[in-house]
Amino acid sequence: MPQFSESIDIARPPEDVWRAIGTPERWFEGYLETRSRSADYPGPDTRDDHLYRTRRREEVDARVTRSEAPSVLEEDQEGKTFSRHVRYSLSPSPVGTSLRVEDDVSFKGLGKLAAPIASRDIKQRWETSLESLKATAEGGQ
């Protein structure tokens, strides 16, 4: 199971970063379209089912498993070629917020064959996504 971890400092308070995390279509690389989302996402026991770009458009069922605003968000995501557990940890910092993302991914079916390429792609997507999240949160968009 590949594991990824990335960190970034964002010049906004944790509450602002938390709100930005709640709109992944604005910053998450590969997020194509929301299918359905709970009104109080990313609150406890909420969902954000969406289309995600792998080698194709893949339906992903995402379920919040832990939500402690504005410090911890954990989500389980299930697609046809992968499943993952993502944890966002936010803490106040002198800059504003220190954000750490941990992503544990398991590849399924044909996804296992592409695991080396997919793993590099995931790492690159997290780097790009966190820069976009930072721009979104700091821009107040």
Any side-chain heavy-atom pair from [X] and [Y] closer than 4.5 angstrom?
X      : Y      : result
Glu127 : Glu6   : yes
Arg53  : Glu29  : yes
Val72  : Arg87  : yes
Ser119 : Ile122 : no

Find the distance between [atom1] ([X]) and [atom2] ([Y]) and round it off to the nearest 0.5 Å.
X      : Y      : atom1 : atom2 : answer
Ile10  : Asp16  : CD1   : CG    : 10.0 Å
Trp27  : Glu131 : CH2   : CD    : 12.5 Å
Asp103 : His85  : CG    : NE2   : 9.5 Å
Lys123 : Ser5   : NZ    : OG    : 9.0 Å
Ile21  : Phe28  : CD1   : CZ    : 11.5 Å
Trp18  : Ser71  : CH2   : OG    : 7.0 Å

Please report the closest heavy-atom contact between [X] and [Y], naming both atoms and the distance.
X      : Y     : value
Thr136 : Ala20 : CG2-CB, 4.3 Å
Tyr31  : Tyr52 : N-CD1, 4.0 Å
Asp48  : Pro24 : OD2-CG, 3.5 Å
Ser98  : Ser93 : N-OG, 3.8 Å
Arg12  : Val17 : O-CG2, 4.1 Å
Thr65  : Glu75 : OG1-N, 4.0 Å

TODO: Evaluate the salt bridge (Lys or Arg N to Asp or Glu O under 4.0 Å) criterion for residues Arg66 and Glu74: first the C-alpha distance (whole Å), next the side-chain angles of each, then the deciding distance (0.1 Å), finally the verdict.
DONE: CA-CA 5 Å; Arg66 182 176 174 199; Glu74 293 186 26; 3.3 Å; yes
TODO: Apply side-chain contact (heavy atoms from CB on, under 4.5 Å) to Leu133 and Ile8, showing your working.
DONE: CA-CA 10 Å; Leu133 175 60; Ile8 194 166; 5.9 Å; no
TODO: Decide if atom CG of Asp45 counts as having more than 12 heavy atoms of other residues, nucleotides or ligands within a radius under 6.0 Å.
DONE: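 Open: at most 12 neighbouring heavy atoms sit under 6.0 Å from CG of Asp45.
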Task: Neighbour count above 12 (heavy atom, 6.0 Å) for Lys112 NZ - done: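 Count not over threshold, so no.
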Open item on the list: With clusters defined by side-chain heavy atoms of hydrophobic residues (ILVMFWY) lying less than 4.5 Å apart, directly or transitively, does Leu51 cluster with Val60?
Closed with: no
- [ ] Report the relative orientation of the aromatic rings in Tyr88 and Trp126; use parallel for angles under 30°, tilted for 30 to 60°, perpendicular for over 60°.
- [x] perpendicular
- [ ] May I ask you to say whether Glu78 pairs ionically with Arg63, meaning some side-chain N is under 4.0 Å from a carboxylate O?
- [x]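 No salt bridge links Glu78 with Arg63.
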TODO: Determine whether the side chains of Ser7 and Arg100 contain a donor N or O and an acceptor N or O closer than 3.5 Å.
DONE: yes
Task: Test side-chain contact (heavy atoms from CB on, under 4.5 Å) applied to Leu73 and Ser89, Pro44, Pro42, the passing residue - done: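 So the option named by the test is Pro42.
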TODO: Start with the C-alpha gap between Arg19 and Glu15, add the side-chain angles, then the distance that decides, and say whether salt bridge (Lys or Arg N to Asp or Glu O under 4.0 Å) holds.
DONE: CA-CA 6 Å; Arg19 275 191 296 281; Glu15 295 79 11; over 6 Å; no
- [ ] For Glu25 and Thr34, indicate whether the former's side chain and the latter's backbone hold a donor-acceptor pair under 3.5 Å.
- [x] no
Open item on the list: Walk me through whether Arg56 and Thr81 qualify under side-chain contact (heavy atoms from CB on, under 4.5 Å).
Closed with: CA-CA 10 Å; Arg56 59 186 183 185; Thr81 62; 3.7 Å; yes
